[in-house]
Amino acid sequence: AWENETLRMLTAPFDVPGLLATARERIYSGDYRTAYQILMRIPEGHRTSDVHHSLGMCTNYFDRTNESEIHYLRSMQSDDIVTRASAAYMISMLYLRWHTREKHSLDKAEGFLNQAFIELDGVLDFETREFQRVFNRNGYALCLYRRGKVEEALEILKAGVERLDTSIQRSTVEGRPSHRYLHRSVLIYNAVQCLAALKRFTECEAMCAELIS
C-alpha cells in the first residue's frame with residue numbers, strides 16, 4: 001500500500017498539501033530519498049516555506065548542506081514565527097555540526113539562534129512558545145559548550161528540563177498525553193555531556209540513570 005501510494009504521488013497531478021503530507025511521512029520514517037522525489041514534483045513557484053523546510057531536511061541528509069541552507073533560508077521567509085524559528089535552528093546546526101568543518105561558525109550559529117529567540121516572544125500560545133524557546137536555548141547551549149562555557153551551558157539545559165517538566169505536569173493534570181518526554185531526554189543527554197566535561201561524575205552518573213529510566 002505504501003509503494004502504491006508513493007507511485008500515485010509521483011505520477012498524479014501535483015497537490016501541494018497532499019505531496020507535503022506524504023513527504024513528511026516518508027521523512028519521519030527515514031525514507032528521505034522518496035520524500036525528496038515527492039517534494040521535487042512541486043514546481044518552484046508553488047513551494048511554500050514548509051516545502052522548503054522539508055527539502056532542507058532531505059538535502060541535509062544527503063550531505064548537500066549548501067543546498068540545505070538555501071532551503072532553510074527560504075523557509076525563514078514564512079509569515080509564521082515558529083516556522084521561521086525552526087528554520088533558524090536548523091541553519092544554526094548547519095554551522096555547528098553539518099556543514100564542512102571549514103564553514104563552521106559559532107558566531108553565525110548564535111546569530112540565527114538569538115534572532116529566532118527574540119521573535120519567539122511573539123508566539124501567542126504559551127505551550128508552543130515555551131517549547132520553542134527551550135529548544136532554541138538547547139542549540140545555544142551547544143554554542144556555549146564549544147566556547148568552553150560549560151557551566152553556563154549546563155545551567156541553560158537544566159532550566160530547559162524544568163520548563164519541560166512543567167509542561168508535562170500540566171498535560172497530566174489536563175488528562176492529555178505529553179510528547180515532551182523524548183525532547184526532555186535530549187536535554188538530559190546534553191547535560192550529561194556537560195557534567196562529564198566538568199568531571200562532576202557523581203551527578204553525571206545520576207543523570208545517566210535518569211536518562212536510562
Side-chain angles (χ1 to χ4, degrees), residues 24 27-28 30-33 35-36 39-40 47 49-78 80-121 131-161 163-164 182-200 204 207-208 211:
R24 281 175 167 171
I27 288 171
Y28 295 146
D31 186 4
Y32 288 89
R33 297 192 181 281
Y36 182 76
L39 291 166
M40 290 302 291
R47 292 176 189 170
S49 298
D50 289 333
V51 171
H52 280 296
H53 197 284
S54 293
L55 281 168
M57 295 179 71
C58 292
T59 48
N60 183 40
Y61 179 80
F62 303 144
D63 290 328
R64 288 155 46 184
T65 59
N66 290 330
E67 288 180 62
S68 181
E69 183 173 357
I70 290 170
H71 286 299
Y72 286 130
L73 286 170
R74 290 180 179 176
S75 186
M76 284 187 69
Q77 297 172 14
S78 171
D80 179 65
I81 296 173
V82 172
T83 299
R84 295 200 302 269
S86 177
Y89 184 93
M90 297 302 286
I91 293 174
S92 76
M93 290 300 110
L94 287 171
Y95 281 104
L96 286 170
R97 302 172 62 186
W98 299 322
H99 272 321
T100 54
R101 186 167 295 277
E102 62 270 15
K103 287 195 69 174
H104 284 189
S105 171
L106 285 171
D107 290 339
K108 286 186 177 181
E110 287 180 357
F112 279 102
L113 288 168
N114 289 334
Q115 175 188 341
F117 189 72
I118 293 169
E119 289 192 37
L120 284 167
D121 279 337
F131 174 72
Q132 291 293 329
R133 286 166 68 89
V134 164
F135 253 79
N136 178 286
R137 295 298 86 180
N138 175 61
Y140 185 64
L142 178 55
C143 293
L144 291 174
Y145 184 94
R146 294 275 180 86
R147 292 191 186 280
K149 299 179 179 180
V150 183
E151 289 275 7
E152 292 181 43
L154 178 61
E155 290 307 310
I156 286 176
L157 293 166
K158 285 184 174 180
V161 171
R163 286 200 171 105
L164 291 185
L182 177 60
H183 301 117
R184 182 180 185 275
S185 71
V186 172
L187 268 67
I188 293 176
Y189 178 85
N190 291 340
V192 163
Q193 312 310 308
C194 292
L195 288 168
L198 293 168
K199 301 188 184 303
R200 289 160 55 176
C204 183
M207 197 164 274
C208 284
L211 187 60

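Fair warning: this is a prediction, and the values are worked out from it, not measured in the lab.
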Report, one line per pair, each donor and acceptor closer than 3.5 Å where one atom sits in a side chain of residues 186-199; sequence neighbours left out.
from, atom 1, to, atom 2, distance (Å)
Asn190, ND2, Asn138, OD1, 2.8
Asn190, ND2, Val186, O, 3.4
Gln193, NE2, Tyr189, O, 3.1

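- Here the closest heavy-atom approach between residue Gly139 and residue Leu96 is recorded as O-CD1, 4.1 Å.
- Taking 4.5 Å as the limit, some side-chain heavy atom of Lys103 sits within range of a side-chain heavy atom of Asn66.
- Not counting sequence neighbours, the partners of Ile70 by the side-chain contact (heavy atoms from CB on, under 4.5 Å) test are Arg74.
- Every residue two or more places apart in sequence or in another chain was checked for a salt bridge (charged side-chain N to carboxylate O under 4.0 Å, His left out) with Arg33, and none qualifies.
- Contacts classified as salt bridge (charged side-chain N to carboxylate O under 4.0 Å, His left out) and involving residues 87-99 (residues at least two apart or in different chains) are not found.
- Within a 6.0 Å radius of CZ in Arg146, more than 12 heavy atoms belonging to other residues, nucleotides or ligands are found.
- Residues meeting the salt bridge (charged side-chain N to carboxylate O under 4.0 Å, His left out) test with Lys149, sequence neighbours left out: none.
- Legend: residues meeting ring pair (Phe, Tyr, Trp, His ring centres under 6.0 Å) with Tyr145, ordered by chain and number and at least two apart, are absent.
- For Phe112, there are no ring pair (Phe, Tyr, Trp, His ring centres under 6.0 Å) partners two or more places apart in sequence or in a different chain.
- Between Tyr36 and Met57 the shortest side-chain heavy-atom distance does not fall below 4.5 Å.
- Qualifying salt bridge (charged side-chain N to carboxylate O under 4.0 Å, His left out) partners for Glu155, counting only residues two or more places apart in sequence or in other chains: none.
- When all heavy atoms are compared, the tightest approach of Ser185 to Leu211 is O-CD1, 3.4 Å.
- Inter-residue side-chain proximity for Arg200 and Glu151 is flagged as met; some heavy-atom pair is nearer than 4.5 Å.
- Glu69 and Lys108 are not joined by a salt bridge, as no carboxylate oxygen comes within less than 4.0 angstrom of a charged side-chain nitrogen.
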Side chain to side chain contact (heavy atoms under 4.5 Å, CB included) assessment of Ile81 paired with Gln132 | CA-CA 10 Å; Ile81 296 173; Gln132 291 293 329; over 6 Å; no

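- By the 4.5 Å heavy-atom criterion applied to side chains, Asp121 and Arg133 are counted as neighbours.
- The salt bridge (charged side-chain N to carboxylate O under 4.0 Å, His left out) check on Glu152 picks up nothing, with sequence neighbours excluded.
- Scanning both residues, Thr59 and Ser68, for their nearest heavy atoms gives OG1-CA, 3.2 Å.
- Taking every heavy atom of both residues into account, Ala141 and Ala153 meet most closely at O-CB, 3.3 Å.
- Residues Trp98 and Asp63 have side chains not in contact (no heavy-atom distance under 4.5 Å, counting atoms from C-beta outward).
- Screening Leu113, Asn136, Asn114 for a side-chain contact (heavy atoms from CB on, under 4.5 Å) with Ser92, the sole residue that qualifies is Leu113.
- Listed by chain and number, the residues in a ring pair (Phe, Tyr, Trp, His ring centres under 6.0 Å) with Tyr61 are Tyr32 (sequence neighbours excluded).
- Using a 4.5 Å heavy-atom cutoff, the side chains of Arg137 and Arg163 are not in contact.
- Two residues are said to be in side-chain contact when any heavy atoms from C-beta on lie closer than 4.5 Å; Lys158 and Val161 fail this criterion.
- One finds the CG atom of Leu106 at 8.0 Å from the CG atom of Leu142 (value rounded to the nearest 0.5 Å).
- Listed by chain and residue number, His99 satisfy the ring pair (Phe, Tyr, Trp, His ring centres under 6.0 Å) test with Tyr95 (two or more places apart in sequence, or in another chain).
- A donor-acceptor contact shorter than 3.5 Å links the side chain of Ser75 to the backbone of Ser49.
- With a 4.5 Å cut-off on side-chain heavy atoms, Leu39 and Arg47 do not count as touching.
- To the nearest 0.5 angstrom, Ile91 atom CD1 is 12.0 Å from His71 atom NE2.
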Starting from the C-alpha separation in whole Å, work towards a yes-or-no answer on side chain to side chain contact (heavy atoms under 4.5 Å, CB included) for Tyr140 and Phe117.
-> CA-CA 10 Å; Tyr140 185 64; Phe117 189 72; over 6 Å; no

Apply the test side chain to side chain contact (heavy atoms under 4.5 Å, CB included) to residues Asp50 and Thr83: give CA-CA distance (whole Å), side-chain angles for both, the deciding distance (0.1 Å), then the verdict.
-> CA-CA 8 Å; Asp50 289 333; Thr83 299; 3.8 Å; yes

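- To the nearest 0.5 Å, atom CE of residue Met90 and atom CG of residue Asn60 are 6.0 Å apart.
- Between Ala87 and Met76, the shortest heavy-atom contact is CB-CG, 3.5 Å.
- Taking every heavy atom of both residues into account, His183 and Leu164 meet most closely at C-CD1, 4.0 Å.
- Partners of Ser86 by side-chain contact (heavy atoms from CB on, under 4.5 Å), not counting sequence neighbours, listed by chain and number: His53.
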